[in-house]
Amino acid sequence: MADNLPSDFDVIVIGTGLPESIIAAACSRSNQRVLHVDSRSYYGGNWASFSFSGLLSWLKEYQENSDVVTENSVWQEKILENEEVLLLRNKDKTIQHVEVFCYASQDLHNDVEEAGALQKNHTSVTPSNSTEAAEATCMPTADESLSTCNCDKPAEQSQSSGPLSSLEVNGAEEARVKENYSDAKSPAEETSENVHKVQDNTETPKRNKITYSQIIKEGRRFNIDLVSKLLYSRGLLIDLLIKSNVSRYAEFKNITRILAFREGIVEQVPCSRADVFNSKQLTMVEKRLLMKFLTFCMEYEKHPNEYKGYEETIFSEYLKTQKLTPNLQYFVLHSIAMTSETTRCTIDGLKATKNFLQCLGRYGNTPFLFPLYGQGELPQCFCRMCAVFGGIYCLRHSVQCLVVDKESRKCKAMIDQFGQRIVSKHFIIEDSYLSEKTCSRVQYRQISRAVLITDGSVLKTDSDQQVSILTVPAEESGSFAVRVIELCSSTMTCMKGTYLVHLTCMSSKTAREDLEGVVQKLFTPYTEIADNEQVEKPRILWALYFNMRDSSDISRDCYNDLPSNVYVFSGPDCGLGNDNAVKQAETVFQQICPNEDFCPAPPNPEDIVLDGDSSQQEASECSAIPEANSETPKEAIDLRNPEEPSE
């Protein structure tokens, strides 16, 4: 592949996360020659989504991945006397403290195979017992980038559960996954038919019969995001998707419920006008007080006297002065403004509340949207747009170093794993690729993440297809509020009969230490139950904990000796929305392409005049709007047809 690459580009992008994919699409749309490379074998980086077995292979890849030390002088021979190198790292150290637990019955058999997978090689050897299987896929030692899971079984776990048991995949399955684990296909090759290709769901399993074998077999029903976010219906990313027409590559589902956790009880929060007046949780007086306050928040800038003297006071203290009952204060603080009691000043709280209210009614009764098949679809959508306009993509293609001119202090070229020197004017790189030397002065924050597969919802209703967001306030000083996003099977992220639950917070300790308390409040480990036995909490079938680096809000000056034409993009931040990724991309785009429009809509296919039948056919295929397949939920949202705001 390297021999066929051109040796000269306008922009080289290293990494395929969301901000990198956005700017690659924007630059290619502005007729820049773009090369997009990634040493990983999948699109999205830490923004990616995986099938269940794909996630297991991702974990194993992190375990086995190591820095490649090049002893030969293949790439060194490409360096001239007036040049120096900026070395890049090939090992991603952004994920740490990984711990995996399986609570579902582990009745693995040799014939267990993921639905829709390729035929297995039955000559592969399967570990003879669970201990050997765990050892075969065990996490690295504590001094490596991924922390070792505690192999001692916690006392509260059932006998069928234990750390690392979820990695018990036979050799044939593991080999098959290694070849095909990424659902993120090349945007230049992916057609509208396979964008939404998902196998028909089988019969919903009974609640007390879900096994680990079923999860493996239905592994392609799962699309598990490494980062958990939602899209504000009037946020920067939604506006960009509509403006650029990239929205045609994806479909979305409205978040149906905003939940609150108070005094050990999960309850639904009324946020729209209709919800407030239909709520049985609020008295008539509370309804009037809440509507009056929310109306004020929509135009708080016009009434500065209402909050004069409280501008720098924390928002929770200001709410106490607004004649709101404790019940209303809690709802506004944790479920509408979505802040904590000890952070965010009054101005920021009012701004967050106004943003929440402005997003209501555009696509449904809540402010949030979720992309079908997971957040990992979004980087791929922009990658497809970039490929349509000539961008070249190379996965599993590592970069050894960047070449810097000593005199001008500008980057001139990159040298890849094959020793090929590729020249470019601008270089965009994801933070995780920078060497320790370059990042020696950078102080990174961490994000604590947990992913759960459960057999029920945290708040039961008549419908089993609710998509919910819940904020659990911090209980101790120094800890952070935990955001919980619960996804049902109609989001195309989990198999029927299960829910996919994401927990996120800023790290104060390891992910398990930060999040296990909230998990225990909302869920219980899976155990077999009698047919007539009632279960109060949803049960956990499988759980993953890990810490992820937060490289957002890091000043460029913190990096050592960074050339002026090298731009660093951060990985995911801990925020709920994606505004930071869009802002990064637009800021750098304006430096590369001043006075150019940022991601304008492409012309209609019928308006394009191309020479040659083959070119016409290619453009038609690339520009086709994908049809929703038979499994796509009927209520999936087309961003181009917003609803009228609800009254």
Side-chain angles (χ1 to χ4, degrees), residues 1-25 27-28 32-48 50 54 57-58 61-62 64-70 72 74-79 85-94 178-190 376 379-380 382-384 386-387 389-403 411-435 566-569 571:
M1 179 184 293
D3 294 337
N4 298 325
L5 281 178
S7 59
D8 188 12
F9 288 88
D10 294 314
V11 180
I12 291 179
V13 182
I14 304 173
T16 53
L18 182 58
E20 295 87 34
S21 300
I22 292 174
I23 195 167
C27 290
S28 65
Q32 301 289 309
R33 295 163 299 165
V34 177
L35 173 64
H36 206 159
V37 298
D38 199 329
S39 62
R40 307 176 183 93
S41 55
Y42 53 89
Y43 287 95
N46 284 349
W47 304 78
F50 298 102
S57 286
W58 173 80
E61 184 175 290
Y62 265 90
E64 295 177 342
N65 192 13
S66 61
D67 281 314
V68 179
V69 180
T70 306
N72 59 53
V74 173
W75 64 270
Q76 295 174 352
E77 293 174 353
K78 305 288 184 178
I79 307 301
V85 298
L86 183 65
L87 291 175
L88 303 182
R89 82 168 91 204
N90 293 314
K91 182 177 181 181
D92 189 343
K93 295 186 177 181
T94 60
K178 268 295 185 184
E179 181 179 355
N180 299 283
Y181 76 87
S182 177
D183 288 338
K185 303 172 183 63
S186 169
E189 297 175 356
E190 188 180 54
Q380 292 185 71
F382 286 98
C383 287
R384 293 188 68 191
C386 180
F389 287 94
I392 297 177
Y393 281 80
C394 296
L395 295 183
R396 296 181 293 275
H397 194 102
S398 61
V399 180
Q400 295 291 332
C401 65
L402 300 180
V403 181
C411 189
K412 300 168 59 177
M414 79 169 196
I415 300 178
D416 65 11
Q417 66 197 75
F418 303 104
Q420 182 175 356
R421 179 175 172 132
I422 304 175
V423 177
S424 180
K425 300 174 184 176
H426 303 279
F427 298 82
I428 295 162
I429 184 168
E430 181 190 319
D431 173 272
S432 64
Y433 283 91
L434 296 175
S435 67
V566 174
Y567 311 92
V568 181
F569 281 179

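Here OG of S435 is found 7.0 Å from CG of L88. Values are rounded to the nearest 0.5 Å. Note that CG of D416 and CG of L5 are 7.0 Å apart. Values are rounded to the nearest 0.5 Å. Separating the CG atom in D38 from the SG atom in C394 is a distance of 10.5 Å, to the nearest 0.5 Å. Atom SG of C401 and atom CG of L87 lie 6.0 Å apart (nearest 0.5 Å). C383 SG to I22 CD1: the interatomic distance, rounded to the nearest 0.5 Å, is 10.0 Å.
For residues 11-23, the set of pairs meeting the salt bridge (charged side-chain N to carboxylate O under 4.0 Å, His left out) definition, not counting sequence neighbours, is empty.
Within 6.0 Å of NZ in K412 there are more than 12 heavy atoms belonging to other residues, nucleotides or ligands.
Summarising the geometry of F382 relative to A25, their closest heavy-atom pair is O-CB, 3.4 Å, with the distance given to 0.1 Å. Annotation for L434 and R89: closest pair O-NE, 2.9 Å, computed over non-hydrogen atoms. Smallest separation of non-hydrogen atoms from I429 and V566: CG2-CG1, 3.9 Å. C386 and A24 get closest at one heavy-atom pair: SG-O, 3.4 Å.
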Derivation of the side-chain contact (heavy atoms from CB on, under 4.5 Å) call for C411 and L86: CA-CA 9 Å; C411 189; L86 183 65; over 6 Å; no

Verdict with reasoning, S41 to L395, per side-chain contact (heavy atoms from CB on, under 4.5 Å): CA-CA 5 Å; S41 55; L395 295 183; 5.6 Å; no

side-chain contact (heavy atoms from CB on, under 4.5 Å) between I79 and V403, intermediate numbers included: CA-CA 7 Å; I79 307 301; V403 181; 3.8 Å; yes

Evaluation steps, side-chain contact (heavy atoms from CB on, under 4.5 Å), between I422 and I12: CA-CA 9 Å; I422 304 175; I12 291 179; 3.9 Å; yes

Intermediate values then yes/no, side chain to side chain donor-acceptor pair (under 3.5 Å), S21 and Y43: CA-CA 9 Å; S21 300; Y43 287 95; over 6 Å; no

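No option in L18, I23, I14 other than I23 meets the side-chain contact (heavy atoms from CB on, under 4.5 Å) test with F569.
Panel note: side chain H36, backbone G15; a donor-acceptor pair is recorded below 3.5 Å. Remark: side-chain polar atoms of Q420 are not paired, donor with acceptor, to backbone N or O of M414 under 3.5 angstrom. At distances below 3.5 Å, not a single donor-acceptor pair connects side-chain atoms of S28 with backbone N or O atoms of F389. Remark: the backbone N or O of Q417 is not paired with any side-chain donor or acceptor of Q400 at under 3.5 angstrom. Checked by atom type and distance alone, the side chain of D10 pairs as donor or acceptor with a backbone atom of R33 at under 3.5 Å. Side-chain N or O atoms of R396 include none that pairs as donor or acceptor with a backbone N or O of R40 at under 3.5 Å.
Between F418 and H397, the gap from one ring centroid to the other is short of 6.0 Å.
L35 places none of its side-chain heavy atoms less than 4.5 Å from the side chain of V11. Taking the side chain as every heavy atom from C-beta outward, I392 and V34 never approach each other to under 4.5 Å.
Between the side chains of Y393 and T16, no donor-acceptor pair of N or O atoms lies under 3.5 Å.
For T94, the side chain to side chain donor-acceptor pair (under 3.5 Å) criterion is met by N46, D92, not counting sequence neighbours.
Ring geometry for F50 versus Y42: interplanar angle over 60°, hence perpendicular rather than tilted (30 to 60°).
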